[in-house]
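Order of appearance sets the numbers: ligands from 1, and atoms from 1 within every ligand. As the structure is a prediction and not an experimental result, all values here were calculated from the model. One is the number of the first residue; the rest follow in order along the sequence.
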Amino acid sequence: MKKHNFSAGPSILAREVIENTAKAVLELNDIGLSVMEISHRSKDFQAVMDETVALFKELLDIPENYHVLFLGGGASLQFCMVPYNLLNKKAAYLETGTWAKKAIKEAKFFGEVDVVASSSDKNFNYIPKDFQIPADTDYFHITTNNTIFGTEIFEDYDSPVPMIADMSSDIFSRPVDVSKYGIIYGGAQKNLGPAGVTFVIIRDDLLGKVDRQIPTMLNYQTHIDGGSMFNTPPCLPIYTCLETLRWLKKLGGVKIMQKMNLEKAQLLYDEIERNKLFVGTAEKDSRSIMNICFVMKDEYKDLEADFLKFTAEKGMSGLKGHRSVGGFRASTYNALPKESVQALIDAMKEFEKLHA
Ligand SMILES: *Cc1c(COP(=O)(O)O)cnc(C)c1O
């Protein structure tokens, strides 16, 4: 039996996405060959790439003047590629968690970093509000969903400089006004596909403005010119992304997905608030709809391991919180069915009856 999969990443994919990928691994579109054993330059793989890009543009309503790239190296390589390609003197960063800190660390190799605001004072349990984005910076970088701490930025900020967003863990979870961003990037393995491919949505006027030389593979222009095929792209992960996008389109797109995600998150947050044993860690107005973090109230702390065991026995997986928050984290990505959230809520209620 398939488990309830709350893993933060790599994470749950829709059953039909996995099944269709399995079929293509055996044979792609009746061509007598696996998707893994054909040239990335063959017309069959080019069709996979073209449809993936087209669905990206359609489902996120990406304006004409943007490119969609599929690269290797994870979101972590983007922490380096963004400043390599864009940082001349100074860049602004919003520090909302571990991933933002890692992005800041890389940017410092290339220039000055202005951390416009940070929520480190409260272990990143909120999104800072009243901050100014300095107009004398080369760009402003944000992490829209903080996978580890369970906070999320739902607003597409107005920025006087190009806004760059790490959307690894909330891409396709809700509509985004792409026109407000210079670059949106992320690893696929949270809400889109398996590990191994990184998407980059990049506006076509951003490049060519830094003075330094950029190594070929780290230069976005290389990958724009090569249609993500300057070198061999991660063909199989891209294929799985395509299946996810087909599935998403069939369900009705990101607006419907947002509605479903809000519903799932609301159900679980309501139970966390109601239940005598648990307490949420993120501030209410910053709470993520993708990663729901909660702990046991102080008087019940010693029951945390028991609750993990209790849920594991009920077929739930991936609920242990990140070590920097502790407790529990239920990742409620697009592919997680409402039934899994309900199963967790039922377990919380049952555990409360046993212990409170
Ligand atoms: C997982 C994650 C990353 C790291 O992604 P890799 O592909 O492993 O480099 C970066 N940012 C966010 C927000 C993440 O959730």
Side-chain angles (χ1 to χ4, degrees), residues 5-13 69-84 93-107 109 118-120 123-128 139-154 156-157 163-174 176 181 183-201 217-218 223 228 233-234 236-238 240-241 244 261 265 281-282 286-293 318 320-325 329-336:
N5 184 0
F6 293 96
S7 172
S11 24
I12 187 167
L13 294 168
L69 309 176
F70 297 101
L71 311 176
S76 299
L77 186 60
Q78 295 308 305
F79 298 163
C80 154
M81 275 178 79
V82 165
Y84 220 140
Y93 277 72
L94 189 63
E95 190 183 66
T96 52
T98 307
W99 298 116
K101 276 169 69 175
K102 290 188 172 177
I104 289 166
K105 181 180 174 222
E106 296 308 299
F109 288 116
S118 172
S119 46
S120 66
N123 199 29
F124 301 112
N125 76 349
Y126 69 102
I127 302 292
Y139 62 84
F140 172 51
H141 182 282
I142 61 174
T143 313
T144 50
N145 186 64
N146 298 284
T147 323
I148 291 175
F149 298 95
T151 64
E152 188 168 2
I153 298 167
F154 295 104
D156 300 305
Y157 297 130
M163 184 157 64
I164 315 295
D166 174 357
M167 293 198 188
S168 293
S169 52
D170 60 346
I171 192 75
F172 292 111
S173 66
R174 57 189 164 85
V176 171
Y181 297 83
I183 295 178
I184 297 172
Y185 68 83
Q189 70 273 19
K190 311 289 166 56
N191 213 18
L192 181 60
V197 63
T198 311
F199 66 85
V200 178
I201 304 165
M217 273 297 284
L218 298 179
H223 302 289
S228 298
L236 183 58
I238 291 171
T240 309
C241 292
T244 297
N261 288 331
T281 55
S286 302
R287 293 188 313 200
S288 169
I289 62 168
M290 295 276 94
N291 309 97
I292 298 177
C293 297
K320 192 170 166 49
H322 190 276
R323 62 187 179 280
S324 43
V325 182
R329 170 172 52 173
S331 296
T332 52
Y333 295 124
N334 285 356
L336 185 87

Residue pair Met290 / Thr147, side-chain heavy-atom distance below 4.5 Å: no

Within-cut-off N or O pair, Gln189 and ligand 1, under 3.5 Å: yes

Close-contact set for ligand 1 against Asn145 heavy atoms, below 4.0 Å: 13 (C)

Closest approach of any protein heavy atom to atom 11 (N) of ligand 1, naming residue and atom: Asp166 OD2, 2.6 Å

Donor-acceptor contact present, side-chain Thr244 to main-chain Leu192, <3.5 Å: yes

Gly187-ligand 1 polar pair, N/O distance under 3.5 Å: no

Partners passing side chain to side chain contact (heavy atoms under 4.5 Å, CB included) against Thr240 (at least two apart in sequence or in another chain): Leu13, Val17, Thr21, Pro194

Under 3.5 Å donor-acceptor, Ser7 side chain and Pro10 backbone: yes

Structural part of Leu77 in contact with ligand 1, heavy atom criterion under 4.0 angstrom: neither

Ser168 and ligand 1 - part of the residue with a heavy-atom distance under 4.0 Å: side chain

Ligand 1 contacted by Thr198 (non-hydrogen, < 4.0 Å): no

Region of Lys102 engaging ligand 1 - heavy atom pairs below 4.0 Å: neither

Main-chain N/O of Lys190 paired to Ser169 side chain as donor or acceptor, under 3.5 Å: no

Qualifying salt bridge (Lys or Arg N to Asp or Glu O under 4.0 Å) pairs with a residue from residues 163-174, counting only residues at least two apart or across chains: Glu152-Arg174, Asp170-Arg174

Asn291 and Tyr333 side chains, donor-acceptor separation under 3.5 Å: yes

Protein contact of atom 5 (O) of ligand 1 - nearest heavy atom, named by residue and atom, plus distance: Ala75 CB, 3.5 Å

Enumerated ligand 1 atoms positioned under 4.0 Å from heavy atoms of Gly74: 7 (O), 9 (O)

Part of Phe79 within contact of ligand 1 (heavy atoms, under 4.0 Å): side chain

Protein contact to atom 14 (C) of ligand 1 [nearest heavy atom, distance to 0.1 Å]: Lys190 NZ, 2.9 Å

Met81 side chain near Tyr185 side chain, heavy-atom distance below 4.5 Å: no

Atom 9 (O) of ligand 1 [closest protein heavy-atom partner, distance rounded to 0.1 Å]: Ser76 OG, 2.6 Å

Atom indices of ligand 1 within 4.0 angstrom of Thr143 heavy atoms, with elements: 13 (C)

Test ring-ring contact (aromatic ring centres under 6.0 Å, His included) applied to Tyr93 and Tyr139, step by step: CA-CA 8 Å; Tyr93 277 72; Tyr139 62 84; 5.8 Å; yes

